[in-house]
A.B. asks: 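One structure, pasted below without further comment.
Keep in mind that the numbers below use all heavy atoms, side chains included, and drop hydrogens, waters and symmetry copies. From a predicted model like this one, the values you see are computed outputs, not experimental measurements.
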Amino acid sequence: MKLNPAQDQAVHFIGGPCLVLAGAGSGKTRVITNKIAYLVRKCDYKARNIAAVTFTNKAAREMKERVLQTLSKSEARGLMVSTFHSLGLDIIRREHKTLNLKAGFTLFDDQDQLALLKDLTEQELDGDKEALSRLVSTISNWKNDLVLPTRAARIAQDPEQVLFAECYARYQRQMKAYNALDFDDLILMPTLLLKTNDEVRQFWQNKIRYLLVDEYQDTNASQYELVKLIAGERARFTVVGDDDQSIYSWRGARPQNLVLLKDDYPQLKVIMLEQNYRSRGQILQCANILIANNPHDFEKKLFSDMAYEAPVRVLFAKNEEHEAERVVAEIMGHKFMNGAKFGQYAILYRGNHQSRLLEKQLMTNRIPYKISGGTSFFSRTEVKDMMAYLRLLVNPDDDNAFLRVVNTPRREIGPTSLEKLGTYANSRGKSLFAASFEIGLEQTLDGRGLMAVRAFCNWLVRRGEEAARGGAQDAVRDMIKDINYEEWLYESSPSPRAAEMRMQNVSTIFKWVSQMLEGSELEDAMTLPEVVIRLTLRDMMERGEDEDDGEQVQLMTLHSSKGLEFPYVFMVGMEEGLLPHQSSIDEDNIEEERRLAYVGITRAQQALTFTLCRERRQYGEQIRPEPSRFLLELPQQELDWEHNRKPPSETERMEKGQASVANLRAMFKK
DNA sequence: CAGAGGAGCCTTTTT
DNA sequence: GGCTCCTCTG
């Protein structure tokens, strides 16, 4: 397919900084992949000097695939396609000495982070959950704004901020002792380093000679800075974004970065992609009209040549079980009539918890499905345990991991022993592991407890040495064997069936680790420390044998659907309180929710179906939700409300204002 | 020290 | 309503 004039311009402009404002479905991935090909084939760039950065692993994977459809393997060799966080990790790994980090550092996920902060603030916050979560987000915001503890203390506004700054300093010291980093550090540390260290900056500017950033509207302050530092004076970069798809402001994303770029680079070339190649007419109409309710920095209007065909439907369900039943029945019926593949259907929802009933329903009907995103796999105890063991193998000073598995399976190391060990370690400023070997410990902890702890630590040393000697595979295998984990699973699981499932998950992890250690045609072999970090970054789902034969219904949150497209899309739970989410209604943050709805709608190619419930159970309580305001904002002539329960016409709504909602509610109760 | 049972929380979204 | 963490008991 030929590029349209705007796309063509976006691909071929390489003389300076370039901003591409790309509406949903306007072919931005095509622009990026074509541009990479253009740089390599026509402009004498080496693939290894080009980096393309996205936000999610899914997007990075997809882009890799797309590039390999355009470029041959040898042409693409060395091309860097990764998430911001992986790029940061690459920089840290190369510069870890300058950053004063030991090689086998651990990456703390948010649960580890939370546990540590809770521990560190026991006296001040005393388990006050709200304050704790404020602390977590305050620290994260500071890091995203490149604010270090000393400056945090200086800019603190009120007593709580002063306290938080002090906790922040404590937290950083402790992380150092654990040889651990958190997610925000993966951006913060490279950015600060590149800012202050000329030599390092030059190296990376020389390495990355052309930078492409996808989903630019999702960058936060430190990522914005990182882009600028890498691009340097020459400012050879292309960023692609859509302010209407900015759905991550809650984690520090600043869509204003799109506007800011104009000020920082007066020579910035701005290109708009407005032709949509994805969605049927009605669907695009819905998207356009919905998003017109938001204020805009850049006016853009998507248009399309695609035909109008089936209208967008709105289905009602009695309750959430019924909703799941209906969606699944719709999919089965539609598939039967049209001979589509299950993989062409996607079910999108606001919150992860909504997947449960859908899963159940799909399972009862023996429909294959795939849930992407969500934390379920990594939040299973057996998976967490295995991760903790792997982390200890690489970095025994990781106290969180230590505490998690020191007595799993049972090693006769109870809370009393651990408390004694903890107090001692604390007083010595050492990790639990390091403290275990000290002579001084014997005054606090003795006898069986001490023996058991030391036995465990010695075992860790042995396995760690084996891994460091290069036998990472063997070390991991021996580790699982040594701890008799399988036996422990059968002992501790409610049924043999459950134990089997759990062992499956353990095997999955083991399989992933092996594959990553060995590498593949497309990916270099990794070292064990790296494997462990990449697992924490969730940077590895389904590599190797692709069971994805296009026969799995796709389930995901609206957030993780961004950047994807599906022939048939269901958006479930279109109710006030769910979408828009109640907390966003309370905080008067409807615009972002509207963008979220916009993202969902624009995923659909052929058909779009909304569903909503008349009754829903929430915290065990029965509620009668109202239909989402977004449904009412859509162009009603394009909508097919089931049973012809159309809400009042546009003019009627204008005249009656609020009354339309009441009408609709009355209609519901029939 | 382990398992059972209860209190209390929860449902925003991700790297 | 269901999950996790905590406490109490054996």
A.B. asks: A:Asp109: which residues meet the salt bridge (Lys or Arg N to Asp or Glu O under 4.0 Å) condition with it, sequence neighbours left out?
C.D. replies: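 By the salt bridge (Lys or Arg N to Asp or Glu O under 4.0 Å) rule, A:Asp109 matches no residue at all.
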A.B. asks: In whole angstrom, what separates A:Arg595's CZ from B:dT13's P?
C.D. replies: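 About 18 Å, once rounded to whole Å.
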A.B. asks: Determine if A:Phe55 stacks with B:dT14; use a centre-to-centre distance below 5.5 Å and an interplanar angle below 30° as the criteria.
C.D. replies: no
A.B. asks: Rounding to a whole Å, what distance do you find between A:Asn352:CG and B:dT14:P?
C.D. replies: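 For the pair A:Asn352 CG and B:dT14 P, the rounded distance is 5 Å.
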A.B. asks: Do the side-chain N or O atoms of A:Ser86 get closer than 4.0 angstrom to the phosphate oxygens (OP1, OP2) of B:dT15?
C.D. replies: no
A.B. asks: Indicate, with a heavy-atom threshold strictly under 4.0 Å, whether A:Arg617 touches base, sugar-phosphate, or nothing.
C.D. replies: sugar-phosphate
A.B. asks: Could you tell me whether A:Thr56 contacts a base, only the sugar-phosphate backbone, or nothing, with contacts defined as non-hydrogen atoms closer than 4.0 Å?
C.D. replies: sugar-phosphate
A.B. asks: Starting at the 5' end of DNA chain B, which residue's closest nucleotide do you reach first, A:Ser417 or A:Glu587?
C.D. replies: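 Comparing both residues, the 5'-ward one is A:Ser417.
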A.B. asks: Within this structure, what is the CE-CZ distance for the pair A:Met556 and A:Phe566, rounded to the nearest 0.5 Å?
C.D. replies: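 Result: 3.5 Å between the selected atoms.
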A.B. asks: A:Tyr248 OH to B:dT15 C1': how many Å, rounded?
C.D. replies: 9 Å
A.B. asks: Over how many whole Å does the gap from A:Phe108 atom CZ to B:dT14 atom P extend?
C.D. replies: 22 Å
A.B. asks: Hey, what are the protein-to-nucleotides 9-11 of chain B N/O distances that come in under 3.5 Å?
C.D. replies:
from	atom 1	to	atom 2	distance (Å)
B:dT11	O2	A:His353	NE2	2.8

A.B. asks: Report the distance from atom CD of A:Gln354 to atom C1' of B:dT13, rounded to the nearest whole Å.
C.D. replies: 11 Å
A.B. asks: What is the distance, to the nearest angstrom, from the CG atom on A:Asp182 to the C1' atom on B:dT14?
C.D. replies: 14 Å
A.B. asks: Taking the basic N atoms (NZ, or NE/NH1/NH2) and the acidic carboxylate oxygens, is any pair closer than 4.0 Å for A:Lys28 and A:Asp242?
C.D. replies: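 Result for this pair is no, no salt bridge flagged.
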A.B. asks: What residues, two or more places apart in sequence or in another chain, satisfy salt bridge (Lys or Arg N to Asp or Glu O under 4.0 Å) together with A:Glu592?
C.D. replies: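 A:Arg595.
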A.B. asks: Using whole Å, what does the distance between atom C1' of nucleotide B:dT15 and atom CD of A:Glu215 come to?
C.D. replies: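 Those two atoms, CD and C1', are 14 Å apart.
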A.B. asks: Checking A:Arg251 now: which residues fulfil salt bridge (Lys or Arg N to Asp or Glu O under 4.0 Å) with it, not counting sequence neighbours?
C.D. replies: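 So A:Arg251 forms no salt bridge (Lys or Arg N to Asp or Glu O under 4.0 Å) with any residue.
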A.B. asks: Under 4.0 Å, counting only non-hydrogen atoms across every strand here, what does A:Asp109 touch: a base, just sugar-phosphate, or nothing?
C.D. replies: nothing
A.B. asks: Only counting residues at least two apart or in another chain, list the ones meeting ring pair (Phe, Tyr, Trp, His ring centres under 6.0 Å) with A:Phe55.
C.D. replies: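 If we apply the ring pair (Phe, Tyr, Trp, His ring centres under 6.0 Å) test to A:Phe55, skipping adjacent residues, the hits are A:Phe84.
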A.B. asks: Please measure how far the C1' atom in B:dT11 lies from the corresponding atom in C:dC6, and state the result in whole Å.
C.D. replies: 22 Å
A.B. asks: Round to a whole Å and report the spacing from OH of A:Tyr349 to C1' of B:dT13.
C.D. replies: 12 Å
A.B. asks: Quick one: salt bridge (Lys or Arg N to Asp or Glu O under 4.0 Å) partners of A:Arg603, sequence neighbours excluded?
C.D. replies: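 Checked A:Arg603 against salt bridge (Lys or Arg N to Asp or Glu O under 4.0 Å); zero matches.
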